[in-house]
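Here the structure comes first, spelled out in structure tokens, and everything after it is commentary.
None of these values were measured; they are calculated from a predicted model.
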Amino acid sequence: MADCLDGNVLAAKSFARFGVTHMFGVVGIPVTGLANRAVQLGIRFIAFHNEQSAGYAASAYGYLTGRPGLLLTVSGPGCVHGLAGLSNAMINTWPMVMISGSSDQKDSGRGDFQELDQIEAVKPFSKFSVKAKDIKEIPDCVARVLDHAVSGRPGGCYLDLPTDVLHQMITESEAEKLLTEVEKGRVFEATKAPPSSEIAKAVSVLRKAERPLIVFGKGAAYARAEGELKKLVERTGIPFLPTPMGKGLVNDDHELAASAARSLAIGKCDVALVVGARLNWLLHFGESPKWDKDVKFILVDVSEEEIKLRKPHLGLVGDAKKVLEMINKEIKDDPFCLGKSHPWVEAISKKVKDNVSKMESQLAKDVVPFNFLTPMRIIRDAILGVGSPAPVVVSEGANTMDVGRSVLVQTEPRTRLDAGTWGTMGVGLGYCIAAAVANPEQLVVAVEGDSGFGFSAMEVETLVRYNLPVVVIVFNNGGVYGGDRRSPEEVNGPFKDDPAPTSFVPGAAYHTLIEAFGGKGYLVGTPDELKSALSESFSARKPAVINVIIDPFAGAESGRMQHKN
């Protein structure tokens, strides 16, 4: 059967033919052959220790590249672990495809090895799922999951490949015919854009506004709308506010950046143009008292359902970049600009200056043992010192992520990855690996709390194995939020001598973890030690872990979310 191939080869050929260049996952029964065949056909396979981290990597890869990130898992428990990444892609609306092997179809319901109704299991987290029931269905199924992942509002899709289908055989000529047919039949949807009459209405509302604000999020980053966004901000003089992952689409240091005056900007604006950001908890649902009760929202979103849900003053359904292009064109014909002496621009800019100088005076102090601000300032300066292309910053943790959001400066688009819409902890190393693989020319710097790091710390071995330019900085304050924060009256009961639920081993030597695999570890506790470790690791561009010892009582419980805990 020299001219025959099996389901593994046909699946790998389908992915390669339809544009896939990377795959993340954990191999085992029945998908090891599929991973090996994919590598043979020019797809880079990044093998992880845990499907959860591999899934987070696939979701972030989808965001960073605009192409579906692929996660390959084994059946049963592998599929269940992979749901972490699939659900993360769904909530953040990033394109991803999870491919899981599954048990033999003829043994369904009889308790086969790792048996699970995986189509049913993925349902809440997948916009489209399909099982290839026969080898001949593989090319079509592959094309459909890839296309669904990026169409409309992006999200996660699922492909089920039963063991028996992976072992079925087909002739090479038959395989080629199937691939060609499917390739010819693929239809890519046109970029969505609203009618020009709606654009004219939006511009008219902006033009009449006394206190306009432009808010943009990771949807605008995904759409690569940075050029049009900068043009709009500079042409109209309207202040802007990015969501955490929207940071860098327009330089954080831009004179119209309102991040340091966030409460004033959202509390007093009368019209908000919101581009690629949802009015969810991150933006206080667009409701008073955080926003003015009479604020008019102009929402730009690729999803019509989103606009129907939020009921804005005006909704523009379409691709962020395309819509902004149309808005800019409309303004160009009859320009308007607020100017620096406009009372609204002056108020924002004064508040920004005040808040920044307060923050800078805090940051200027060298506090040892370290609080969060001193090391964060040193890290900020080291990252800015790299220049362009700017490093990708990955951040997770409670205090570490909160402080980092205010202190670290993003100068370029898609250079900040954090816990995102869902507040997912454990994404750190997966995101680092995705960023390093998607943009090999960029340095990746993770700024992690010790608790966030712990979810996926074993993946430092993956960094070393693939020699990725990733420097992981761990803010080590001995636990979740810091050590034991309980009051004396809370410490009782038969297990009162156990460590607190928030405590870890004090002084943990996280830097030695990466040394076990041949990477570089640093232990730092002073400004000079940290500066030296950053300078050395940034120029080496090799896998490293910097263990930064922080005063265990420096942070706040739950970061800035105490009201929820």
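Of the N and O atoms on the side chains of Ser75 and Gln114, at least one donor lies less than 3.5 Å from an acceptor on the other residue. Between the side chains of Glu412 and Ser388, at least one donor-acceptor pair of N or O atoms lies under 3.5 Å. Lys218 and Thr421 share a side-chain donor-acceptor pair at under 3.5 Å. In this structure, a donor-acceptor pair under 3.5 Å is absent between the side chains of Asp6 and Gln168.
Pairs passing the ring-ring contact (aromatic ring centres under 6.0 Å, His included) check and including a residue from residues 114-134, sequence neighbours excluded, read Phe128-His148. Sorted pairs that involve residues 303-328 and meet ring-ring contact (aromatic ring centres under 6.0 Å, His included), not counting sequence neighbours, are lacking altogether. Applying the salt bridge (charged side-chain N to carboxylate O under 4.0 Å, His left out) test to residues at least two apart or on different chains, the pairs with a partner in residues 156-165 are Lys131-Asp160. Among residues at least two apart or in separate chains, there is no salt bridge (charged side-chain N to carboxylate O under 4.0 Å, His left out) pair with a member in residues 24-52. Identified under the salt bridge (charged side-chain N to carboxylate O under 4.0 Å, His left out) test for residues 144-155, with sequence neighbours left out: Asp140-Arg144, Asp147-Arg186, Arg153-Asp301, Arg153-Glu306. Residue pairs that meet the salt bridge (charged side-chain N to carboxylate O under 4.0 Å, His left out) test with at least one member in residues 450-463, sequence neighbours left out, are Glu461-Arg465. Listed by first and then second residue, the ring-ring contact (aromatic ring centres under 6.0 Å, His included) pairs involving residues 23-49 are Phe24-Tyr61 (not counting sequence neighbours).
Taking Glu325 as the reference, Lys322 meet the salt bridge (charged side-chain N to carboxylate O under 4.0 Å, His left out) condition, with sequence neighbours excluded. Not counting sequence neighbours, Glu137 has no partner by the salt bridge (charged side-chain N to carboxylate O under 4.0 Å, His left out) test. For Ala265, the side-chain contact (heavy atoms from CB on, under 4.5 Å) partners at least two apart in sequence or on another chain are Leu213, Ala258, Ile348. With sequence neighbours excluded, the residues forming a salt bridge (charged side-chain N to carboxylate O under 4.0 Å, His left out) with Lys106 are Asp104, listed by chain and number. For Glu287, there are no salt bridge (charged side-chain N to carboxylate O under 4.0 Å, His left out) partners, not counting sequence neighbours.
Leu429 pairs in a side-chain contact (heavy atoms from CB on, under 4.5 Å) with only one of the listed residues (Val394, Leu463, Asn50), which is Leu463.
Between Arg17 and Glu176 a salt bridge is recorded (basic side-chain N to carboxylate O distance below 4.0 Å). Ion pairing of Asp319 with Lys192 is absent here, as no side-chain N (NZ or NE/NH1/NH2) approaches a carboxylate O to less than 4.0 Å. A salt bridge links Glu120 with Lys123: at least one charged nitrogen is closer than 4.0 Å to a carboxylate oxygen.
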